[in-house]
Amino acid sequence: MKKLIATLAILLAMHCFAVEATGPMVNIELLSGTKQHAQFLGIQNDTVQLGGYIKDQFTVVRIHKSKFKSITDENGNNFLNDSTTKDTTVVKDTASVQAVSQPTATDSTAAAAIDTAAATVDTAAAVPTAEIDSTPTIPLSSNNVFVSFEETSSDPLLSKQITALTARLLLEQGEQIQLLNRSEIADCNDDRCVQKVLAKSGAKTMFLGKIISGSKPDSSTIEFSRLIFEDSLPEIHKAQITVSTATALSDALENNKIKNMIKLAKGEELPKTAAKKNYIYVETDPEGATLSYSQKDALCKTPCTFAVKDTNKVTLNAYWDVGTQLWGAQSVVHPISGDTAKISLKLKPVSPEIQVISTPSDAEIFPGTINITKHSKPIAKTPSKFYIDEPGMANITLRKIGYKDTVVSFYVAPIAETRLDIEMERLTDYNIIVEQQKWQHDRQMMTLGKAIMASSIAPILVGAIFTYLGFKDYDDAKDIKDDLKMPGIVNGPKYKAKVKENKDLVNRGDRKVIIGGSLAGAGIILLGVGLFFTF
């Protein structure tokens, strides 16, 4: 009977102890500025006890009194400074603590939440009545941590080998790291969880790695990351290399692949390696031809060998000028990496013709790149063709009123035809438009002046002829006058005829001289006007 009563008493006590602790609802403000609403369960040994629900379980959280700024109820009473609350607890708090210290199977979650919440609040100075950060921490001897590579199910040994090799290289590069196996970070199955635990544990720099399947069935990708925790979000640098699955370790060591991967993940630049030289050997028939790249100066006289930096295709031109005839040939060569590509060219007679097509058409083509003035002479208007005897770089300038002057640099290849399609851009600058219009006006006036000068030549020549004929009549009249002075020829019929002829010659001479002088004067005036318009 006594045993039965004792058993009932124990069950009744356990039921009483399972009753939740209660207390007044208070507003809490921590020194960090965090504010919360919770039940105040009392203060014991300078430790404030607060109650609240976490995941439907009533949980008691204990925080040292020094972390609080105030604890007030709805009436404004400050329990933190109230001497009546010093070293006291609510009556049912003891029962609650006892219930937590001996949790039943259904209370195990709540018991774990109490310890976790209390630890979190002690370190972060927050009151977790809604949700508590349950991230665990691990002791670290360095804030620079390298976590071992994730093990692959197909080759777990490879992960260990790559981990050891990477750790050795990090140390040789001056990184003071703490090496952690993933198994030391409990309950973490992915990198995100690992980052969270290490960041909370005080890690500032973290190295992580994993080995995944490559893009091809027989390849694997080794990925390495460096995380720097300075702000709320980590700064992440990643690098990776691809290796053969069958010879992964050998491939990783070849040509410093894994070493360069680590440097890239650390944000370091890789040393520049000298590019392999590739060579091209060219011979021509006939020999002695000038060899050049497209759009480059002459390289050498064939046969010859020259170096190129890459393996992109190269367009070669060979030409031979014998004075009256140009011989040439063109070919595309693909260099061989680290080797010499050989090519033979047979030259044939060519006349390089340049076909120029512009949009819009009727643009004037000027040679070279010199400034265009009213005295500049175009060689053609688009569309048109013209010949250039010497291969090599050449320049032309296109001008059309209302459009920007377009300078075109091109290579005259030793082939039959080189076609240039040129798109001209419409002018929008008013000042340039005005300059072009003035240039056109000056050019028209110069053309008119040249025409006037040309027309002045005829009257000057005709006037000179008439003047010459007039003076010739004067000479004939003078001869007759000399004859009339001879003795014995006075008042005779011949005398009178000579006198009349003399007067006629003088009159004709006067008329011719007047006409000649007028024509010559008009021509000189026209010449002056033409010179004025031209210059």
Side-chain angles (χ1 to χ4, degrees), residues 138 140-185 188-276 309-311 337:
I138 59 175
L140 297 178
S141 59
S142 172
N143 57 11
N144 196 16
V145 182
F146 170 38
V147 181
S148 62
F149 277 73
E150 291 183 9
E151 291 190 358
T152 58
S153 56
S154 58
D155 191 358
L157 179 60
L158 176 62
S159 301
K160 293 182 174 64
Q161 292 171 331
I162 297 296
T163 295
L165 180 59
T166 304
R168 182 70 257 173
L169 291 173
L170 283 171
L171 291 172
E172 290 179 0
Q173 294 178 13
E175 294 288 341
Q176 301 300 319
I177 58 171
Q178 178 182 354
L179 177 60
L180 288 178
N181 289 320
R182 289 181 179 266
S183 58
E184 298 180 48
I185 308 173
C188 276
N189 298 320
D190 54 33
D191 285 349
R192 186 175 181 181
C193 175
V194 171
Q195 295 173 27
K196 192 174 181 181
V197 171
L198 293 180
K200 187 176 178 182
S201 301
K204 298 300 182 184
T205 304
M206 186 188 311
F207 294 97
L208 297 171
K210 58 183 176 181
I211 304 174
I212 56 178
S213 299
S215 57
K216 297 180 179 179
D218 58 347
S219 67
S220 298
T221 298
I222 301 176
E223 186 177 284
F224 192 62
S225 304
R226 183 194 189 202
L227 294 82
I228 303 173
F229 292 90
E230 293 180 350
D231 301 318
S232 57
L233 293 176
E235 179 183 343
I236 303 176
H237 299 274
K238 283 188 177 182
Q240 63 181 26
I241 57 173
T242 301
V243 295
S244 170
T245 303
T247 58
L249 192 60
S250 300
D251 286 357
L253 292 170
E254 185 180 3
N255 297 326
N256 292 324
K257 278 186 178 180
I258 192 167
K259 186 176 182 180
N260 292 336
M261 177 188 72
I262 295 171
K263 287 186 175 182
L264 288 175
K266 291 169 61 179
E268 299 178 6
E269 293 186 0
L270 299 181
K272 294 182 179 179
T273 56
K276 292 183 179 179
K309 293 182 179 180
D310 50 40
T311 56
S337 179

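All residue numbers refer to positions in the sequence shown, counting from 1.
No side-chain heavy atom of Glu184 sits less than 4.5 Å from a side-chain heavy atom of Ile138. Residues Asp191 and Arg182 have side chains in contact (heavy-atom distance under 4.5 Å, counting atoms from C-beta outward). Between Leu140 and Leu198 the shortest side-chain heavy-atom distance falls below 4.5 Å.
In Glu172, the CD atom is crowded: over 12 heavy atoms of neighbouring residues, nucleotides or ligands sit closer than 6.0 Å.
Pairing each heavy atom of Glu150 with each of Ser159, the nearest pair is O-OG, 2.9 Å. Ala239 approaches Leu264 most closely through the heavy-atom pair CB-CB, 3.7 Å. Here the closest heavy-atom approach between residue Met261 and residue Phe224 is recorded as CE-CB, 3.7 Å.
Between the CG atom of Leu227 and the NE2 atom of His237 there is a distance of 9.0 Å, given to the nearest 0.5 Å. Rounding to the nearest 0.5 Å places CG of Asn256 at 10.0 Å from CG of Leu270. Rounding to the nearest 0.5 angstrom, the gap separating the CD1 atom in Ile241 from the NZ atom in Lys257 is 6.5 Å. For the atom pair CG (Asn144) and CD1 (Ile228), the distance works out to 9.5 Å, reported to the nearest 0.5 Å. Put simply, OG1 on Thr166 and CD1 on Ile162 are 6.0 Å apart, with the number rounded to the nearest 0.5 Å. Atom CD of residue Glu223 and atom OG1 of residue Thr242 lie 10.5 Å apart, to the nearest 0.5 angstrom.
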Applying side chain to side chain contact (heavy atoms under 4.5 Å, CB included) to Val194 and Leu180, what does each step give before you reach the verdict? CA-CA 11 Å; Val194 171; Leu180 288 178; over 6 Å; no
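The backbone N or O of Lys238 lies less than 3.5 Å from no partner atom in the side chain of Ser225, so there is not a single donor-acceptor pair. A donor-acceptor pair under 3.5 Å is absent between the side-chain atoms of Ser220 and the main chain of Val243, judged by distance alone. A donor-acceptor pair is defined here as one N or O able to donate and one able to accept, closer than 3.5 Å; such a pair exists between the side chain of Gln178 and the backbone of Ser142. For Ser148 (side chain) and Thr163 (main-chain N/O), no donor-acceptor pair under 3.5 Å exists by modelled atom type. Looking at Asn143, its side chain never comes within 3.5 Å of a backbone N or O of Lys204 through a donor-acceptor pair.
The aromatic rings of Phe207 and Phe146 sit perpendicular, their planes meeting at an angle over 60°, well past the 30° parallel limit.
A salt bridge is absent between Asp190 and Lys196: the closest approach of a Lys/Arg side-chain nitrogen to an acidic carboxylate oxygen does not fall below 4.0 angstrom.
For the salt bridge (charged side-chain N to carboxylate O under 4.0 Å, His left out) test, residues two or more places apart in sequence or in another chain that qualify with Glu268 are Lys266.
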